[in-house]
Amino acid sequence: MKIVVCIKQVPSTEARVQMDPIKGTLIREGVESVVNPFDEYAIEEGIRLKERYGGEVTVISMGPPQAREALKTALAMGADKAVLLSDRAFAGSDTLATAYTLSLGIKKLGDIDIVICGKQATDGDTAQVGPGLAQRLNLRQITYVSKIREINLKNRKITAERLIESGTQVVSTALPALITVVKDINQPRIPNIFSIKKATRAEIPVWGMQDLGGDPKDFGFDGSPTQVVRIFTPPPRQGGEIIQGEVPEAVAKLIEALTSRNIINL
Amino acid sequence: MALKVIKENCTGCGLCVDVCAYSGIKINDEGVAEVTESCILCGQCVDVCPAGALMMEEKKATVEDIFDYKGVMVFVEHEFGKIHSVSFELLGKGREIADNLGVSLSAMLIGAEGDSMALEVARYDVDTIYVCNSTWLKDYQTNTYVAEAENIIRTYKPEIVLIGATTMGRDFAGALAARLKTGLTADCTELSVDMEKRLLLQTRPAFGGNIMATIISPNRRPQMATVRPKVMAMPEPVKNPDVQIIQVQPVSGPQDMLLDILEFIPDTAGTVNLADADIIISGGRGMKGPENFSMLFELAELLGGAVGASRAAVDSGWMPYAHQVGQTGRTVRPKLYIACGISGAIQHLAGMQTSENIVAINKDPDAPIFKVATFGIVGDLFKVVPELIRQIKGKKQQTAC
Ligand SMILES: Cc1cc2nc3c(=O)[nH]c(=O)nc-3n(C[C@H](O)[C@H](O)[C@H](O)COP(=O)(O)OP(=O)(O)OC[C@H]3O[C@@H](n4cnc5c(N)ncnc54)[C@H](O)[C@@H]3O)c2cc1C
Ligand SMILES: Cc1cc2nc3c(=O)[nH]c(=O)nc-3n(C[C@H](O)[C@H](O)[C@H](O)COP(=O)(O)OP(=O)(O)OC[C@H]3O[C@@H](n4cnc5c(N)ncnc54)[C@H](O)[C@@H]3O)c2cc1C
Ligand code: SF4
Ligand code: SF4
């Protein structure tokens, strides 16, 4: 089975985040870049599918040269191959251009059976790349997957559970397909020292716009219909009132505060 | 490149470098800021530059056929025959935007009971309802719904399309925008119009809610946005006597149902789901064990709410993942969020800090959760929560008499 996992490098939320005292904005010092948390589940699921059904896992990422580090993490976990899509021409991509670029990279990999994406990236937070990519590649899509029940390679069918607001929906569709995964799907493995060392030495091919073909005006800033025009830090939430007193008294005050403001009605 | 440094203004103070999470800008040998190839155009540095030395170059509106597009359209989402309340919220906001722009407001309804649902939509102030009705459109499937929506949009050419940012809405919108090759802004919490340019200004949280970004789509149509449920006000039902219901012939057929929906397993933990709940009671590691969550369910039942959990509680196996709130769980925005035995890690806050009111119950007075809490009680939750239940029950009995 040919498995492709799409991963994005994002700034770590673990990083020390400070408030600038004058402007009240966030200052990040020495921000670390990590694999998007949801993509770790995607990589793990790809490797598990390979272990269950045989085949090969290729990880692919679009980003600046340092996104190579994210791909190395995936190789250390057990992915077989990695490709980096990197070119100055890709800078400023929104989700439409990102999905387009990734689709060309995946087409270049040849026939595939399944593409796995994370549910969303923790910086852009849109959850749009997966569905957009499925359209570009003309694949069936199953979003928010919490469990792959079965892949039947003979009938070329996948059956999966997806998490929707009111419960779990079980669906089945034909391969090739694209799925996006949520955290519930697995517990990502921690790579051992040996595989980390091996991954550090891995050669990762870099494909630019020339290698992908396609129309120059569909990439990067020019190929992106959306544009950020303003960024602002929402006023930090004011810490409110600590209700004092012994438990029964404090609870009574809390209920009074909530009912008088119509937050709860009893 | 769209981020410009105005060299004459730059003092080389380096604030932009500090704020950038992508190494997208550096101070060069001349001592002025220079944009690197890692810049993703997130705009954060522009906001902090004290010298006004950074600017985002706006895309110019290319004169394509964008002026053929007119009007605001709302996608009506439904599940099990029931219309999602976010669709009505969007009709309210859509009416305001349409009035500002001096255009009409329409609704797009795809389904199998479209005619009866259209009557429900017509209780609100809307000018046109496009109904695409067929047996195979009963349940949402990406392929069939996207095909019908693409056809309706290409035929009737709205300049703005609004969709609820629900699980279904995001599955649908992401695919539809790619099909239409147009811009889509995710999960907006604020919408307004730039009257001069007739552009939709779409504001949304990013980076786990730590910053807000305003996004435009200047040169493609329609301008599409998904909007978070429960953010826009629910409009009063006002019937438009001139409402037109237009039947649209489906372009898909039963063979286009690419998914087999085999089964639906309703979430059994709690009767109200997190996304819809006005009140959420969440428990964390401080709950000590799964059995103690029954107390939170009791409180939720009394208040008509749902039960959530921190990742620590989910990873310990005390609550199913569907209840996890936070960066790798769900984002919620209830009227009231009660956090019991949750410390308030940044990844948890990312999923709940835009709640209207937050109550924190924690025995550690220094727990970060108190920094975002509207009301806090420092104390043992095993005393506070049962007392809360007792007093609420007491009050309820009083009012019942
Ligand atoms: C503040 C801010 C707001 C933004 N708002 C919008 C917006 O509203 N609309 C819009 O179109 N763009 C927006 N963007 C741009 C968007 O973040 C980028 O296009 C980004 O490349 C992909 O979007 P995402 O981070 O939301 O990923 P998501 O769509 O959330 O990612 C889902 C999955 O897609 C895969 N994936 C995503 N990016 C890559 C990649 N580069 N390489 C490999 N796999 C990948 C991963 O599997 C990931 O888990 C915004 C950017 C910023 C900084
Ligand atoms: C990539 C990534 C993604 C993450 N995503 C999420 C996410 O989506 N959601 C999430 O929640 N976390 C997430 N986390 C984890 C997060 O960093 C914290 O570890 C987690 O939120 C801690 O949960 P907690 O507050 O329940 O536990 P703790 O931090 O252990 O806090 C327990 C609290 O309970 C209090 N307490 C203990 N006993 C009592 C008592 N008897 N009465 C009153 N108070 C008591 C303690 O004072 C303490 O403050 C993520 C982490 C990473 C790295
Ligand atoms: S913040 Fe502004 S003035 Fe300071 S170095 Fe950056 S661009 Fe120059
Ligand atoms: S726009 Fe964003 S990524 Fe680019 S330099 Fe500024 S802060 Fe860094």
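As a basis for the values below, the full set of heavy atoms in this structure was taken, side chains included, without hydrogen atoms, waters or symmetry mates. Letters go in sequence order (proteins before strands), and every chain restarts at 1. Bear in mind the structure is a predicted one, so any value in this text is a computation, not a measurement.
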Which portion of [X] sits near chain B, non-hydrogen atoms under 4.5 angstrom:
{"X": "A:Gln120", "answer": "side chain"}
{"X": "A:Pro248", "answer": "both"}
{"X": "A:Ala250", "answer": "both"}
{"X": "A:Gln66", "answer": "side chain"}
{"X": "A:Thr159", "answer": "side chain"}
{"X": "A:Phe38", "answer": "side chain"}
{"X": "A:Leu96", "answer": "side chain"}
{"X": "A:Ala121", "answer": "neither"}
{"X": "A:Leu133", "answer": "neither"}
{"X": "A:Ile243", "answer": "both"}
{"X": "A:Asn262", "answer": "backbone"}
{"X": "A:Ile242", "answer": "both"}

Engaged part of [X] at the chain A interface, taking heavy atoms whose separation is under 4.5 Å:
{"X": "B:Arg330", "result": "side chain"}
{"X": "B:Ala322", "result": "both"}
{"X": "B:Asp171", "result": "both"}
{"X": "B:Leu388", "result": "both"}
{"X": "B:Lys371", "result": "backbone"}
{"X": "B:Ile358", "result": "both"}
{"X": "B:Asn357", "result": "both"}
{"X": "B:Gln141", "result": "neither"}
{"X": "B:Thr331", "result": "neither"}
{"X": "B:Ala213", "result": "both"}

For chain B, find which of [options] contributes the most heavy-atom pairs closer than 4.5 angstrom.
{"options": "A:Gly124, A:Gly245, A:Gly130", "result": "A:Gly124"}
{"options": "A:Asp94, A:Val182, A:Thr180, A:Val129", "result": "A:Val182"}
{"options": "A:Thr259, A:Thr122, A:Asp222", "result": "A:Thr122"}
{"options": "A:Arg140, A:Gln169, A:Arg261, A:Arg136", "result": "A:Arg140"}
{"options": "A:Gln135, A:Glu165, A:Glu241, A:Arg230", "result": "A:Glu165"}
{"options": "A:Gln187, A:Gln128, A:Lys183", "result": "A:Lys183"}

If only atom types and distance count, is the side chain of [X] paired as donor or acceptor with the main-chain N or O of [Y] below 3.5 Å?
{"X": "B:Lys396", "Y": "B:Leu302", "value": "yes"}
{"X": "A:Asp87", "Y": "A:Ala89", "value": "yes"}
{"X": "B:Thr166", "Y": "B:Gly169", "value": "yes"}
{"X": "A:Gln227", "Y": "B:Glu57", "value": "yes"}
{"X": "B:Thr36", "Y": "B:Ser38", "value": "yes"}

Side-chain touch [X]/[Y], heavy atoms, less than 4.5 angstrom:
{"X": "A:Glu32", "Y": "A:Pro11", "result": "no"}
{"X": "B:Ile279", "Y": "B:Pro334", "result": "no"}
{"X": "B:Phe264", "Y": "A:Val170", "result": "no"}
{"X": "B:Val378", "Y": "B:Asn362", "result": "no"}

On a heavy-atom basis, the closest approach of B:Leu3 and B:Cys39 is CD2-SG, 4.0 Å
Of the listed residues ([options]), which shares the most heavy-atom pairs with chain A below a 4.5 Å separation?
{"options": "B:Thr142, B:Ile40, B:Val146", "value": "B:Thr142"}
{"options": "B:Ala165, B:Gly329, B:Ala373, B:Ala177", "value": "B:Ala373"}
{"options": "B:Val384, B:Leu258, B:Ile261", "value": "B:Leu258"}

Looking only at side-chain N and O atoms, does [Y] offer a donor or acceptor that is under 3.5 Å from a partner on [X]?
{"X": "A:Asn186", "Y": "A:Glu45", "answer": "yes"}
{"X": "A:Tyr41", "Y": "A:Asp184", "answer": "no"}
{"X": "B:Gln202", "Y": "B:Thr185", "answer": "yes"}

Expected contact set for residues 143-150 of chain A against chain B at heavy-atom separation under 4.5 Å reads A:Thr143, A:Tyr144, A:Arg149
In plain terms, say whether [X] and [Y] are close enough for a salt bridge, that is, a side-chain N and a carboxylate O under 4.0 Å apart.
{"X": "B:Glu356", "Y": "B:Lys335", "value": "no"}
{"X": "A:Asp125", "Y": "B:Arg204", "value": "no"}
{"X": "B:Lys181", "Y": "A:Asp218", "value": "no"}

Name all pairs fulfilling the salt bridge (charged side-chain N to carboxylate O under 4.0 Å, His left out) condition that reach into residues 244-259 of chain A, sequence neighbours left out, sorted by first residue then second.
-> A:Glu249-A:Lys253
Could you grab the distance from atom OG1 of A:Thr95 to atom OH of A:Tyr100, nearest 0.5 Å is fine?
-> 15.0 Å
Within 45° cone and under 6.0 Å: A:Arg88 NZ/CZ vs A:Phe90 ring | no
